[in-house]
Participant: 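Mind looking over this structure? Questions follow.
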Amino acid sequence: MRFTAEDIDGHEVARREALYGPLAEAVRELVDATIRTEVDAAAVQEVEATVRAATARLRDRQIDGAFGVRYTEDGRIMPWGNVVIGLRNPIAPPLTVHRERDRCWSEFTLGAAYEGPPGHVHGGICALVLDHVLGSASSPEKPNFTGTLTLRYRRATPLGPLRAEARIDRVDGVKTYVVGALSDSDGVTVEAEGVFILPVWAREGSTTTPT
Ligand SMILES: CCCCCCCCCCCCCCCC(=O)SCCNC(=O)CCNC(=O)[C@H](O)C(C)(C)COP(=O)(O)OP(=O)(O)OC[C@H]1O[C@@H](n2cnc3c(N)ncnc32)[C@H](O)[C@@H]1OP(=O)(O)O
């Protein structure tokens with residue numbers, strides 16, 4: 001598991017955010033446009049060549065494997081490759097998760113890239129979002145892992161503006177039980193409950209390392 005300390009200050013973090021955030025946002029727009037475009041064949045082929053050239057340019061210098069979770073000396077966490085909240089991950093919507101005591105919530109929009117049933121969010125994407133928001137609620141600072149996630153899809157979730165929220169139901173040793181829901185403007189579409197568990201390597205007194 002890749003947790004990497006970065007010897008950088010807040011200014012450098014902000015510089016990187018300002019550099020990579022707009023790139024990821026541009027690629028998100030490209031994904032949406034790729035799904036929805038109706039330009040002619042020559043234009044599609046021209047754009048394909050441009051995108052391939054851009055990809056090759058970025059690959060001139062890159063890291064091995066995934067981004068991992070990086071952090072600074074002052075405790076700033078940079079999960080920039082994360083599929084839900086990652087600043088550098090165009091697949092991430094991305095969500096901004098807010099916290100208030102034992103609850104978390106996020107308001108966000110899911111567009112064409114997240115479609116399952118026509119005009120509606122893929123069920124796996126609902127699970128992805130809820131897993132993350134429930135996991136975030138389970139602990140502000142501990143790296144809890146999803147043990148079990150149970151969902152009840154009450155009705156199809158339309159693409160568009162949505163809200164996910166979660167709160168701690170109870171804590172039992174290393175297990176935190178969390179409940180939550182995904183909603184549109186008409187109310188709840190998916191209910192969720194999850195058990196989030198502190199892995200052995202993060203438990204007090206543990207001498208094992210993340211694997
Ligand atoms: C990482 C930080 C980055 C920070 C960045 C910022 C982002 C901040 C927000 C993060 C939000 C993330 C939210 C998404 C989080 C994922 O997506 S995590 C990825 C998906 N989950 C996994 O891959 C987990 C894989 N499984 C495992 O690693 C281990 O099986 C587990 C779940 C940690 C359990 O560890 P274990 O050593 O097997 O646990 P063990 O000591 O045997 O059992 C402890 C207790 O849990 C119970 N238990 C064990 N397994 C389960 C289970 N699957 N279900 C229910 N109960 C169980 C046992 O019965 C036992 O209960 P008691 O006997 O104490 O009553």
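Numbering of ligands and ligand atoms starts at 1, following listing order.
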Participant: Does ligand 1 have an atom that lies less than 4.0 angstrom from a heavy atom of G173?
Facilitator: no
Participant: What residue and heavy atom of the protein are closest to atom 59 (O) of ligand 1, and at what distance?
Facilitator: K175 NZ, 4.9 Å
Participant: Which protein non-hydrogen atom lies closest to atom 55 (C) of ligand 1, naming both residue and atom, and how far is it?
Facilitator: T148 OG1, 3.3 Å
Participant: How far does CG of L134 sit from CG of L151, to the nearest 0.5 angstrom?
Facilitator: 8.5 Å
Participant: Could you find the nearest protein heavy atom to atom 5 (C) of ligand 1 and give me its residue, atom name and distance?
Facilitator: P79 CB, 4.0 Å
Participant: Near V174, which atoms of ligand 1 are under 4.0 Å from a heavy atom of that residue?
Facilitator: 44 (C)
Participant: Among all protein heavy atoms, pick out the one at the shortest distance from atom 19 (C) of ligand 1; state its residue, atom name and that distance to 0.1 Å.
Facilitator: F145 CD2, 4.2 Å
Participant: Look at atom 38 (O) of ligand 1 and say whether a protein heavy atom is found at less than 4.0 angstrom from it.
Facilitator: no
Participant: With a 3.5 Å cut-off and no angle check, do the side chains of S138 and N144 form a donor-acceptor pair?
Facilitator: yes
Participant: Might you check, step by step, whether the distance between atom 50 (N) of ligand 1 and some protein heavy atom is under 4.0 Å?
Facilitator: yes
Participant: Taking D32 first and then R28, would you say they form a salt bridge - that is, a charged N and a carboxylate O separated by under 4.0 Å?
Facilitator: no
Participant: Taking all atoms of both residues into account, what is the closest heavy-atom pair of M78 and F67, and its distance?
Facilitator: O-CE2, 3.6 Å
Participant: Tell me whether V179 is reachable from V190 by hopping between hydrophobic residues (I, L, V, M, F, W, Y) whose side-chain heavy atoms are closer than 4.5 Å.
Facilitator: no
Participant: Quick one: nearest non-hydrogen protein atom to atom 56 (N) of ligand 1, plus distance?
Facilitator: I197 CD1, 3.5 Å
Participant: Between D172 and ligand 1, which residue portion shows a heavy-atom distance shorter than 4.0 Å: side chain, backbone, both, or neither?
Facilitator: neither
Participant: My understanding is that we take every heavy atom of each candidate and find the minimum distance to atom 52 (C) of ligand 1. Doing that for P140, G68, G147, C104, which one comes out nearest?
Facilitator: G147
Participant: Does ligand 1 have any atom that is closer than 4.0 Å to a heavy atom of R203?
Facilitator: yes
Participant: Would you verify that at least one protein heavy atom lies under 4.0 Å from atom 16 (C) of ligand 1, or report that none does?
Facilitator: yes
Participant: Please say whether the positively charged group of R155, taken as NZ for Lys or CZ for Arg, lies over the ring of Y153, i.e. under 6.0 angstrom from the six-membered ring centre and within 45 degrees of the axis.
Facilitator: no
Participant: Can you figure out which of S138, S136, S139, G194 has its heavy atom closest to atom 11 (C) of ligand 1?
Facilitator: S136
Participant: Would one find more than 12 heavy atoms of other residues, nucleotides or ligands at under 6.0 Å from atom CG of D7?
Facilitator: no
Participant: Among all protein heavy atoms in this structure, tell me which lies nearest to atom 2 (C) of ligand 1, with the distance rounded to 0.1 Å.
Facilitator: P143 CB, 3.7 Å
Participant: V69 vs I77, test: side-chain contact (heavy atoms from CB on, under 4.5 Å). Steps then yes/no.
Facilitator: CA-CA 7 Å; V69 174; I77 297 175; 3.6 Å; yes
Participant: What residue and heavy atom of the protein are closest to atom 13 (C) of ligand 1, and at what distance?
Facilitator: D131 O, 3.6 Å
Participant: Should the heavy atoms of other residues, nucleotides or ligands under 6.0 Å from CD1 of I91 be counted, would the total exceed 12?
Facilitator: no
Participant: Taking all non-hydrogen atoms of both residues, which atom of E165 and which atom of R163 are closest, and how far apart?
Facilitator: OE2-NE, 2.7 Å
Participant: Looking at atom 26 (N) of ligand 1, is any protein heavy atom nearer than 4.0 Å to it?
Facilitator: no
Participant: Return a yes/no value: protein heavy atom under 4.0 Å from atom 42 (O) of ligand 1?
Facilitator: no
Participant: Give the residue and atom name of whichever protein heavy atom lies nearest to atom 21 (N) of ligand 1, and the separation in Å to one decimal.
Facilitator: T146 O, 3.1 Å
Participant: Can you establish whether the number of heavy atoms outside Q62 located under 6.0 Å from its atom CD is more than 12?
Facilitator: yes
Participant: Which atoms of ligand 1 sit under 4.0 Å from any heavy atom of V200?
Facilitator: 37 (O)
Participant: Out of D131, V97, V84, L95, which residue meets the side chain to side chain contact (heavy atoms under 4.5 Å, CB included) rule with S136?
Facilitator: V97
